[in-house]
Amino acid sequence: MELNGKRAVVTGSNSGIGLGVAEMLAKAGAEVVLNSFTDRSEDHDLAKMLADKYRVKVSYLKADMSKGDECRALIEAAGGCDILVNNAGIQFVSPIEEFPVEKWDQIIAINLTSAFHTTAVALAGMRANGWGRVINIASAHGLTASPFKAAYVAAKHGIVGLSKTVALETAGQGITCNAICPGYVLTPLVEAQIPEQMKVHGMDRETVIRDVMLLRQPSRQFATAEQIGGTVVYLCSPFADQVTGTTISVDGGWTAL
Ligand code: NAD
């Protein structure tokens with residue numbers, strides 16, 4: 001797979017799935033722009049590490065995806081992009097009656113509205129070049145629900161709808177837009193949920209992972225960030241030129257249940 005000459009922006013890519021996606025894109029030869037809301041030396045070191053490893057240009061740009069103007073400025077500062085991966089996301093779990101309003105607003109802003117802003121800016125360059133890929137990292141929760149995840153499930157269903165709309169607005173122009181729907185992937189976002197689940201269920205780590213977290217994932221195995229990155233690279237390949245406006249599940253069978 002040759003992505004030489006293509007520039008990819010991956011939002012929320014200093015950790016977890018975003019970093020896995022960025023690495024697979026760099027491996028395939030793309031120039032990569034990493035992003036998060038921090039500006040630490042470690043963030044820039046990650047970019048240097050990927051650049052040295054894959055001999056491609058990799059940079060790091062700070063932008064807070066909860067702020068619309070920063071989402072738009074990220075794409076401008078990158079100089080536009082051929083491949084846009086909207087990945088930044090956070091989670092918060094609570095019954096809806098107690099769900100903090102600020103957490104709802106933050107999740108909708110980062111997990112959904114940021115993709116509206118970045119896509120709106122990125123499309124002009126893609127249209128001018130007659131080629132582009134918008135890939136939204138949704139979730140199995142973009143297709144099904146779980147209790148206590150009102151904002152997350154709403155945002156992820158929303159981004160599946162946004163993906164379909166962008167696909168229709170760009171159809172036949174060399175641009176595709178799709179959503180990838182991972183099941184559980186063992187990243188810092190998921191790791192952070194394990195201690196709380198151990199407490200709630202009075203179980204050890206292995207039992208919580210197998211019998212609680214992966215209960216709905218029939219393979220009883222985590223998907224990996226590398227596998228999500230591989231799916232992104234497939235969507236950037238000519239084999240996927242006619243794959244648009246759809247979802248690809250990478251969930252060990254979760255949504256087949
Ligand atoms: P993670 O916590 O490891 O990574 C989240 C990334 O988003 C980090 O790089 C973080 O810095 C960044 N981020 C958070 N807030 C931001 C902000 N305001 N501005 C810019 N960047 C911000 O989590 P992850 O598991 O890798 O999740 C990545 C995406 O994959 C999310 O959209 C998540 O919903 C989705 N997802 C994850 C899983 C899973 O099991 N891990 C499953 C399905 C979908």
Side-chain angles (χ1 to χ4, degrees), residues 1-36 38 40-63 65 74-75 77-89 115 118 122 125-126 129 131-139 163 174-191 221-241 243-244 247-252:
M1 178 64 220
E2 277 297 327
L3 291 177
N4 293 326
K6 306 287 189 210
R7 183 186 300 127
V9 172
V10 185
T11 70
S13 47
N14 65 352
S15 128
I17 291 174
L19 183 55
V21 168
E23 175 148 13
M24 291 301 280
L25 286 168
K27 194 175 178 182
E31 174 188 338
V32 178
V33 177
L34 300 176
N35 153 264
S36 185
T38 51
R40 308 163 304 176
S41 57
E42 299 98 281
D43 298 324
H44 297 275
D45 291 348
L46 268 181
K48 189 173 177 329
M49 182 274 287
L50 288 182
D52 291 346
K53 190 168 172 187
Y54 297 107
R55 304 197 171 282
V56 291
K57 189 172 170 204
V58 184
S59 52
Y60 176 87
L61 291 176
K62 170 186 181 283
M65 292 296 105
L74 169 67
I75 305 302
C81 57
D82 307 287
I83 300 162
L84 170 62
V85 183
N86 290 305
N87 167 78
T118 53
M126 294 181 185
N129 295 334
W131 194 92
R133 294 288 186 265
V134 180
I135 300 165
N136 295 321
I137 306 302
S139 165
S163 308
I175 301 168
T176 66
C177 179
N178 294 286
I180 297 176
C181 296
Y184 272 112
V185 182
L186 192 55
T187 64
L189 181 141
V190 168
E191 189 64 55
Q221 291 160 348
F222 286 112
T224 66
E226 190 183 21
Q227 289 161 355
I228 308 304
T231 308
V232 167
V233 171
Y234 157 70
L235 284 172
C236 293
S237 77
F239 301 113
D241 277 354
V243 178
T244 195
T247 57
I248 300 183
S249 292
V250 185
D251 66 3

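What's counted below: heavy atoms across the whole structure, side chains too, no hydrogens, waters or symmetry copies.
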Hey, mind stepping through Ser139 and Cys181 against side-chain contact (heavy atoms from CB on, under 4.5 Å) and telling me if it holds?
-> CA-CA 4 Å; Ser139 165; Cys181 296; 5.7 Å; no

Distance-minimising heavy-atom pair for Gly16 and Ala225 = O-CB, 3.8 Å

What's the spacing between Ser36 OG and Leu61 CG if we round to 0.5 Å?
-> 11.5 Å

Can you find a pair of side-chain heavy atoms, one from Asn14 and one from Thr38, that are under 4.5 Å apart?
-> yes

Do NZ/NE/NH1/NH2 and the carboxylate oxygens of Lys48 and Asp43 come within less than 4.0 Å?
-> no

If we only count heavy atoms from C-beta on, is the Cys236 to Leu25 side-chain gap below 4.5 Å?
-> yes

If we only count heavy atoms from C-beta on, is the Leu3 to Ile83 side-chain gap below 4.5 Å?
-> yes

Shortest non-hydrogen contact from Ile228 toward Pro182 | CD1-CB, 3.7 Å

How far apart are the closest heavy atoms of Trp131 and Ile175, and which atoms are they?
-> C-CG1, 4.2 Å

So CG of Asn86 and CD1 of Ile137: to nearest 0.5 Å the spacing works out to 8.5 Å

Let me see the working for Val33 and Tyr60 under side-chain contact (heavy atoms from CB on, under 4.5 Å), right down to the final yes or no.
-> CA-CA 6 Å; Val33 177; Tyr60 176 87; over 6 Å; no

So CG of Leu84 and CD1 of Ile75: to nearest 0.5 Å the spacing works out to 5.0 Å

Got a second to check how far Ile17's CD1 is from Gln227's CD, nearest 0.5 Å?
-> 10.5 Å

By ring pair (Phe, Tyr, Trp, His ring centres under 6.0 Å), Tyr184 pairs with (sequence neighbours left out) Trp254

Could you tell me which non-hydrogen atom of Pro188 sits nearest to which non-hydrogen atom of Ser15, and how far apart they are?
-> CG-OG, 3.6 Å

So which heavy atom on Ser163 is nearest to which on Asn136, and how close?
-> OG-ND2, 2.9 Å

Should Val9 and Leu74 count as side-chain neighbours, where that means a heavy-atom distance under 4.5 Å?
-> yes

Mind checking the CG-CD spacing from Leu46 to Glu23? Nearest 0.5 Å is all I need.
-> 9.5 Å

Just checking, is any N or O donor in the side chain of Ser13 or Asn35 under 3.5 Å from an acceptor N or O on the other one?
-> no

Quick one: are Val21 and Leu19 in side-chain contact, heavy atoms under 4.5 Å?
-> no

Taking all atoms of both residues into account, what is the closest heavy-atom pair of Ala26 and Tyr54, and its distance?
-> O-CB, 3.7 Å

Can you find a heavy atom in the side chain of Thr247 that is under 4.5 Å from one in the side chain of Asn178?
-> no

dist Cys177:SG -> Ile135:CD1 (nearest 0.5 Å) comes out at 8.5 Å

Is there a side-chain contact between Leu235 and Ile180, using heavy atoms and a 4.5 Å cut-off?
-> yes

For residues 4-19, pull every pair meeting salt bridge (Lys or Arg N to Asp or Glu O under 4.0 Å), keeping only residues two or more places apart or in separate chains.
-> Arg7-Glu31

Measure the shortest side-chain to side-chain distance between Lys27 and Leu50 over non-hydrogen atoms and say whether it is less than 4.5 angstrom.
-> no

State which residues pass side-chain hydrogen bond (donor to acceptor under 3.5 Å, both in side chains) with Thr11; sequence neighbours excluded, sorted by chain then number.
-> none

Does atom CD of Glu226 have more than 12 heavy-atom neighbours, drawn from other residues, nucleotides or ligands, at distances under 6.0 Å?
-> no

Go through Asp82 and Asn129 one step at a time and tell me if the side-chain contact (heavy atoms from CB on, under 4.5 Å) criterion holds.
-> CA-CA 8 Å; Asp82 307 287; Asn129 295 334; 3.5 Å; yes

